[in-house]
Structures are given as C-alpha cells and as structure tokens.
Amino acid sequence: MTAATISFAQKNLERLVSEVNESSIPVIIASDDGKNAVLVSEEEWNSIQETMYLCSIPGMVESIKAAREEPLSECRIYDPNEEW
C-alpha cells in the first residue's frame with residue numbers, strides 16, 4: 001500500500017483516483033494528526049463490503065472452509081433449475 005500526504009492528495013487527486021482504479025492498490029492519505037484515511041476503488045470497496053457481510057452470517061466462514069476441503073469428485077454441477 002502506498003501513502004500520500006493530504007496536500008499531495010489534494011493536488012493530485014485525479015491521478016491518485018486513476019491509479020487506485022487501475023492497480024486496485026489502496027493509498028493511505030496521511031494527516032498531520034495521525035488520523036489517516038484510505039483511498040480505495042469503488043470495486044474494491046464493494047468487495048470489502050461483501051466480504052464483511054458474508055463473514056457476519058453465522059456459520060458462513062466455516063461453511064466456506066469446509067467446502068474448500070471437499071474433493072472435486074464429490075461436487076455436483078450447478079443446475080439453475082434445481083429446487084432448493
């Protein structure tokens with residue numbers, strides 16, 4: 001993750017936004033009082049939000065971990081017409 005001062009970010013905001021969107025690498029905006037902010041792309045922010053939501057569902061993380069260990073030979077092919 002790269003860092004920039006507030007004054008640099010103010011002068012170069014358009015460039016920083018472009019770089020963050022192209023690279024998906026967040027930029028820390030450092031303030032003099034130590035209360036920093038982070039500039040992330042909208043796509044990355046949406047991904048973070050989705051991850052936090054999924055992790056908030058009881059049992060979801062354990063379910064994902066269990067599924068990761070399941071052999072491919074035991075997996076079924078997705079059928080959009082299958083009733084749940």
Side-chain angles (χ1 to χ4, degrees):
M1 192 177 318
T2 60
T5 63
I6 288 179
S7 59
F8 180 86
Q10 288 172 326
K11 294 174 187 168
N12 298 283
L13 185 58
E14 188 173 351
R15 186 176 105 207
L16 286 174
V17 169
S18 292
E19 288 176 6
V20 165
N21 279 314
E22 289 175 17
S23 69
S24 295
I25 298 173
V27 174
I28 296 172
I29 309 296
S31 68
D32 293 334
D33 64 3
K35 295 181 179 178
N36 301 335
V38 179
L39 178 65
V40 295
S41 68
E42 181 180 14
E43 182 179 358
E44 187 68 21
W45 177 248
N46 290 336
S47 176
I48 292 167
Q49 292 292 99
E50 182 178 4
T51 299
M52 290 189 331
Y53 170 73
L54 292 174
C55 288
S56 74
I57 299 170
M60 180 63 76
V61 173
E62 293 78 12
S63 175
I64 292 170
K65 287 179 179 178
R68 186 173 43 196
E69 300 299 322
E70 187 176 340
L72 286 177
S73 60
E74 294 181 20
C75 294
R76 296 185 332 181
I77 295 177
Y78 172 69
D79 180 359
N81 299 317
E82 179 180 2
E83 288 191 32
W84 291 60

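- Closest heavy-atom contact between Leu16 and Ala4: CD1-CB, 4.5 Å.
- More than 12 heavy atoms of other residues, nucleotides or ligands lie within 6.0 Å of CD in Glu82, so this atom counts as buried by the packing criterion.
- Follow the hydrophobic side-chain contacts under 4.5 Å out from Ile6 and you reach Phe8 in the same cluster.
- At distances below 3.5 Å, not a single donor-acceptor pair connects side-chain atoms of Ser47 with backbone N or O atoms of Glu43.
- Hydrophobic cluster membership is shared by Leu13 and Val20, with clusters built from Ile, Leu, Val, Met, Phe, Trp and Tyr side chains linked at under 4.5 angstrom.
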Which side-chain N or O atoms in residues 21-40 pair as donor and acceptor under 3.5 Å with protein atoms at least two apart or in another chain?
| unit_1 | atom_1 | unit_2 | atom_2 | d |
| --- | --- | --- | --- | --- |
| Asn21 | ND2 | Val17 | O | 3.1 |
| Ser23 | OG | Glu19 | O | 2.8 |
| Ser23 | OG | Ile25 | N | 3.1 |
| Ser31 | OG | Asp33 | OD1 | 2.5 |
| Ser31 | OG | Lys35 | N | 3.2 |
| Ser31 | OG | Lys35 | O | 2.9 |
| Asp33 | OD1 | Lys35 | N | 2.9 |
| Asn36 | OD1 | Ser31 | N | 3.0 |

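- In terms of hydrophobic clustering, with Ile, Leu, Val, Met, Phe, Trp and Tyr side chains grouped at heavy-atom distances under 4.5 Å, Trp45 and Tyr53 are assigned to different clusters.
- For the atom pair Ser63 OG and Met60 CE, the distance stands at 6.5 Å (nearest 0.5 Å).
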Determine whether Lys65 and Arg68 satisfy the following criterion, side-chain contact (heavy atoms from CB on, under 4.5 Å), listing intermediate values before the conclusion. CA-CA 5 Å; Lys65 287 179 179 178; Arg68 186 173 43 196; 3.6 Å; yes
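- The number of heavy atoms from other shown groups lying within 6.0 Å of CD (Glu50) does not exceed 12.
- Ile64 and Ile57 fall within the same hydrophobic cluster, defined by Ile, Leu, Val, Met, Phe, Trp and Tyr side-chain heavy atoms under 4.5 Å apart, directly or through other members.
- Partners of Thr5 according to the side chain to side chain donor-acceptor pair (under 3.5 Å) rule, which considers only residues two or more places apart in sequence or in another chain, are Ser7.
- Within a 6.0 Å radius of CD in Glu14, no more than 12 heavy atoms belonging to other residues, nucleotides or ligands are found.
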